[in-house]
Chemist: 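Let me begin by handing over the structure; questions about it come next.
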2 protein chains.
Amino acid sequence: MARDASKPVLTPKMIMDVARDLFVKNGYQQVSMRQIAKELGCSHGALYYHFQSKAELFFALVKEYFVLLEQELNNVLEKDIENLEKLEQCMLGYIKFGLNHQSHYEIMFMLKDDEVRNFINEQPMKVYEKFANALYTLSNKKLQLKDIWSIFISLHGFVSHYLSHVVSYEDIENAAIHHVKFLLKGVC
Amino acid sequence: MARDASKPVLTPKMIMDVARDLFVKNGYQQVSMRQIAKELGCSHGALYYHFQSKAELFFALVKEYFVLLEQELNNVLEKDIENLEKLEQCMLGYIKFGLNHQSHYEIMFMLKDDEVRNFINEQPMKVYEKFANALYTLSNKKLQLKDIWSIFISLHGFVSHYLSHVVSYEDIENAAIHHVKFLLKGVC
DNA sequence: TATTTATTTAACCAGCGGTCAATAAAATGT
DNA sequence: ACATTTTATTGACCGCTGGTTAAATAAATA
């Protein structure tokens, strides 16, 4: 036997959609190519036609997410509102991204696996730098770099706590707003 | 062949001591029963005489760690220092615990896995309540509950960010101290 | 000496990442 | 319409790791 015409043709996108879910639910090491294949209803060999290795498949996913987050940050920065509000919205936007793309967020910032880290590399830091830059400018340089780092980590804490405990950003919007205001209380 | 009288008898404690080290260094998934046995100089089969499974051995350790965290909090609370400093040390102590017992922290507060969660139960919330209570009292009731929650989440953010990026608490002590001071800036 | 306790050894089994020849379906050429 | 080529897919296989178990056996105990 070989191809079965009753099933849709396997595409990289289909594989990535399934892999994304599994990696997020179980982590990189705990997901096997065989599991992914099973979920897709195809053989694991087929995956190797579309991706050279498990690592390559994983990396393809991670790249997507970083682009998406950068876009969302840009959206806020281009808005025509006051700086202080923009600042708040940057922070809220980070939480919103995290909780509305939970699967993405976990892979980008929370998976600890060594092999995975080598792939992801300096990308989280690039996000941070963009974020830090925005905050620094928007605060009229009143925010110190150290404080920005504390803010970033604290936003990460919020997201990572509510991950999987909550369906979407809207569920905890009030808590998020309070958290952001709390973080800005002493500094602006 | 069977027992070798020149070696000390294997005890649960000996196993746990070695397992603890390995789990801390490499994480749950990355440690095998065979590794633990090798380190102990015994056969891997012997471990199953003392523990039913790898999971049981691990959970025995995790339980210890909830006790340990509570003890460390108590240690701070019993110190003879000013309330504000005590407050800071509670927060610092939390970070310290997290980074000096990284793989356990992950299990205690970060793993979403259902099987694990059932074992761990409501213990993280108990920790939080104790923590919240301490902060509330130490601040002379100036800290609001919502703010305490933001602080807790922000400390968690710090720990979870540096997890596996760092060998021990000492590596980032300065950043930790700054973070704590930052969080208290607006409220005390 | 007989029994209980602790330990070793070897095997079992399931799963992994990855490879590859075989093959069926689809696309293409004629 | 048919033949050929290309593309996509399968499933068997390799070497390996690792949790778990059962039989054998040594040491301690009574």
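Residue numbers begin at 1 in each chain, while the letters A, B, ... track the order of the sequences. Below, all heavy atoms of this structure are taken into account, side chains as well, without hydrogens, waters or symmetry copies.
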Chemist: How many Å lie between NE2 on B:H44 and C1' on C:dT7, as a whole number?
Modeler: 12 Å
Chemist: Among residues at least two apart in sequence or on other chains, which ones pass ring-ring contact (aromatic ring centres under 6.0 Å, His included) with B:H101?
Modeler: B:Y65, B:F97
Chemist: Suppose we screen for side chain to side chain donor-acceptor pair (under 3.5 Å). Which residues come up paired with B:K185, at least two apart in sequence or across chains?
Modeler: A:D147
Chemist: So which of residues 17-33 of chain B are in contact with DNA chain D, with a heavy-atom cut-off of under 4.0 Å?
Modeler: B:V31, B:S32, B:M33
Chemist: Parallel, tilted or perpendicular, judged at 30° and 60°: which one describes the rings of A:H44 and A:Y48?
Modeler: perpendicular
Chemist: Can you tell if the side chain of B:N83 reaches within under 4.5 Å of the side chain of B:T137, non-hydrogen atoms only?
Modeler: no
Chemist: Would you please confirm or rule out a distance under 4.0 Å between OP1 or OP2 of C:dC16 and any side-chain N or O of A:Q35?
Modeler: yes
Chemist: Counting only heavy atoms and a strict 4.0 angstrom limit, can you tell me which residues of residues 46-54 of chain A come near DNA chain D?
Modeler: A:A46, A:Y49, A:H50
Chemist: Whole Å only: how far is the NZ atom of B:K38 from the P atom of C:dT7?
Modeler: 20 Å
Chemist: According to side-chain hydrogen bond (donor to acceptor under 3.5 Å, both in side chains), does anything in residues 84-94 of chain A pair up with another residue at least two apart or in another chain? List the pairs.
Modeler: A:K79-A:Q89, A:E85-A:Q89, A:E88-A:K181, A:Y94-A:Y105
Chemist: Tell me, please, which residues at least two apart from B:F182 pass ring-ring contact (aromatic ring centres under 6.0 Å, His included).
Modeler: none
Chemist: Show which side-chain atoms of residues 122-129 of chain A pair as donor or acceptor with protein atoms under 3.5 Å away, not counting sequence neighbours.
Modeler:
none

Chemist: Tell me which nucleotide among C:dT8, C:dT7, D:dT21 gets nearest to the side chain of B:L10.
Modeler: C:dT7
Chemist: Among residues at least two apart in sequence or on other chains, which ones pass salt bridge (charged side-chain N to carboxylate O under 4.0 Å, His left out) with B:K38?
Modeler: none
Chemist: Please tabulate the protein-to-nucleotide N/O contacts below 3.5 Å involving nucleotides 2-4 of chain C, giving atom names and distances.
Modeler:
none

Chemist: Applying side chain to side chain donor-acceptor pair (under 3.5 Å), name anything that partners A:K63, two or more places apart in sequence or on another chain.
Modeler: none
Chemist: For B:Y169, enumerate each residue passing the ring-ring contact (aromatic ring centres under 6.0 Å, His included) test, keeping only those at least two apart in sequence or located in another chain.
Modeler: none
Chemist: Within this structure, what is the CG-to-P distance between A:L40 and D:dA8, rounded to whole angstrom?
Modeler: 16 Å
Chemist: My understanding is that only residues two or more places apart in sequence, or in another chain, count here; which of them pass ring-ring contact (aromatic ring centres under 6.0 Å, His included) with B:H165?
Modeler: B:H161
Chemist: Out of D:dT10, D:dT20, C:dG18, which nucleotide sits closest to the side chain of A:R34?
Modeler: C:dG18
